[in-house]
Amino acid sequence: MAVSAWGGVTGSNDDLGEGMCPHRRVLEHVTSRWGVLVLIALLERSYRFSELRRAIGRVSEKMLTQTLQTLERDGLVHRDAKPVIPPRVDYSLTDLGREAAEQVRALALWTERRMDDVHKAREAYDSRPVTPPSRGSRS
């Protein structure tokens, strides 16, 4: 059983595989560890690569480069390379990227507001007695 992109539950995990592949891939890019942080940072303003790396923190050059290229390919980030010496490249959000970033930021803000509830739920879960799964259950 799987949840479809439209909120329904379907009987097959395949619905999230090949059939949903384009939607799923973009969702993975937008909600990836570094994708979220890049999109939220670029909501503030455009950044040069090194500025963005410092603003995000703890991201390798390789991962930031891959993330920016992926988001640029998806039409969410605009890369503006200026023909000067030394080279200057600025990154900003496209209109599509701004729309996605607003959604991601809303989810991030919700997470921030609800962390106390998440911590309480985790504590309640962790304090439950451990019971082995029943035979024939699906995990």
Side-chain angles (χ1 to χ4, degrees):
M1 199 177 329
V3 177
S4 77
W6 300 276
V9 177
T10 65
S12 167
N13 285 334
D14 204 36
D15 292 333
L16 284 177
E18 290 302 313
M20 289 297 298
C21 192
H23 304 89
R24 187 176 184 179
R25 291 277 183 240
V26 174
L27 186 61
E28 287 172 359
H29 300 161
V30 169
T31 61
S32 71
R33 177 180 184 179
W34 302 116
V36 166
L37 298 176
V38 165
L39 290 170
I40 291 173
L42 289 176
L43 267 172
E44 297 172 22
R45 63 180 180 91
S46 64
Y47 281 92
R48 293 178 74 175
F49 184 89
S50 57
E51 291 177 315
L52 184 58
R53 187 168 178 225
R54 280 191 301 274
I56 291 172
R58 296 188 356 234
V59 60
S60 69
E61 282 187 34
K62 179 182 176 184
M63 283 309 305
L64 183 55
T65 298
Q66 287 176 351
T67 300
L68 287 166
Q69 287 173 342
T70 299
L71 295 174
E72 181 183 9
R73 183 171 185 261
D74 288 342
L76 306 175
V77 167
H78 174 70
R79 181 180 185 271
D80 183 22
K82 300 199 179 11
V84 295
I85 297 178
R88 179 181 173 108
V89 179
D90 291 301
Y91 294 92
S92 60
L93 292 175
T94 63
D95 289 342
L96 187 63
R98 183 160 296 285
E99 184 180 344
E102 292 287 352
Q103 299 297 319
V104 170
R105 181 171 61 182
L107 182 58
L109 292 172
W110 175 86
T111 305
E112 226 176 273
R113 284 192 315 269
R114 301 306 299 242
M115 267 322 287
D116 287 342
D117 295 320
V118 171
H119 287 303
K120 289 174 189 171
R122 287 177 178 173
E123 288 171 7
Y125 180 90
D126 292 344
S127 67
R128 293 187 331 202
V130 177
T131 57
S134 61
R135 288 185 67 117
S137 70
R138 298 170 112 188
S139 306

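Atoms considered below: every heavy atom in the structure, side chains included; atoms not considered: hydrogens, waters and symmetry mates.
Heavy-atom contacts from other residues, nucleotides or ligands closer than 6.0 Å to CD of Glu99 number 12 or fewer. By the neighbour-count criterion of 12 heavy atoms within 6.0 Å, atom CG of Asp95 is sparsely surrounded, having that number or fewer from other residues, nucleotides or ligands. When the shell of 6.0 Å around NZ of Lys62 is examined, it contains 12 or fewer heavy atoms from other residues, nucleotides or ligands.
Here the straight-line distance linking atom CD of Gln66 with atom OG of Ser60 works out to 7.5 Å at 0.5 Å rounding. In this structure, the separation between CZ on Arg45 and CG on Leu52 is 9.0 Å, given to the nearest 0.5 Å. To the nearest 0.5 Å, the span separating CE on Met115 from CZ on Arg122 amounts to 5.0 Å. To the nearest 0.5 Å, atom CD1 of residue Ile56 and atom CE of residue Met63 are 11.0 Å apart. The distance from the OG1 atom of Thr94 to the CZ atom of Arg79 is 15.5 Å, given to the nearest 0.5 Å. To the nearest 0.5 angstrom, Trp34 atom CH2 is 8.5 Å from Thr67 atom OG1.
In this structure, the side chains of Leu107 and Arg105 stay at 4.5 Å or more apart for every pair of heavy atoms. Under the 4.5 Å side-chain criterion, counting only non-hydrogen atoms from C-beta, Thr65 is in contact with Phe49.
A continuous path of Ile, Leu, Val, Met, Phe, Trp and Tyr side chains, each step under 4.5 Å between heavy atoms, connects Leu76 with Val89, placing both in one hydrophobic cluster. A single hydrophobic cluster is not seen to contain both Leu68 and Leu27; linkage of ILVMFWY side chains at heavy-atom distances under 4.5 Å, directly or through other members, places them apart. The same ILVMFWY cluster, assembled from side-chain heavy atoms under 4.5 Å apart, contains both Ile40 and Leu96. Tyr47 and Leu43 fall within the same hydrophobic cluster, defined by Ile, Leu, Val, Met, Phe, Trp and Tyr side-chain heavy atoms under 4.5 Å apart, directly or through other members.
Salt bridge annotation for Arg114-Asp116: absent, with no cationic side-chain nitrogen under 4.0 angstrom from a carboxylate oxygen. Under the 4.0 Å criterion applied to side-chain N and carboxylate O atoms, Asp74 and Arg25 are not assigned as salt-bridge partners. Ion pairing between a basic and an acidic side chain is recognised when a charged N comes within 4.0 Å of a carboxylate O; Glu123 and Lys120 show no such pairing.
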Checklist line | Worked check of side chain to side chain contact (heavy atoms under 4.5 Å, CB included) between Gln69 and Leu71 | finding: CA-CA 6 Å; Gln69 287 173 342; Leu71 295 174; over 6 Å; no
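The two residues Leu39 and Ala101 have their closest heavy-atom pair at O-CB, 3.6 Å. Scanning all heavy atoms of the two residues, the minimum distance from Ser32 to Gly35 falls at OG-N, 2.9 Å.
Side-chain N or O atoms of Glu51 include one that pairs as donor or acceptor with a backbone N or O of Arg48 at under 3.5 Å. Counting only distance, with no hydrogens or angles, the side chain of Arg88 and the backbone of Pro83 share no donor-acceptor pair below 3.5 Å.
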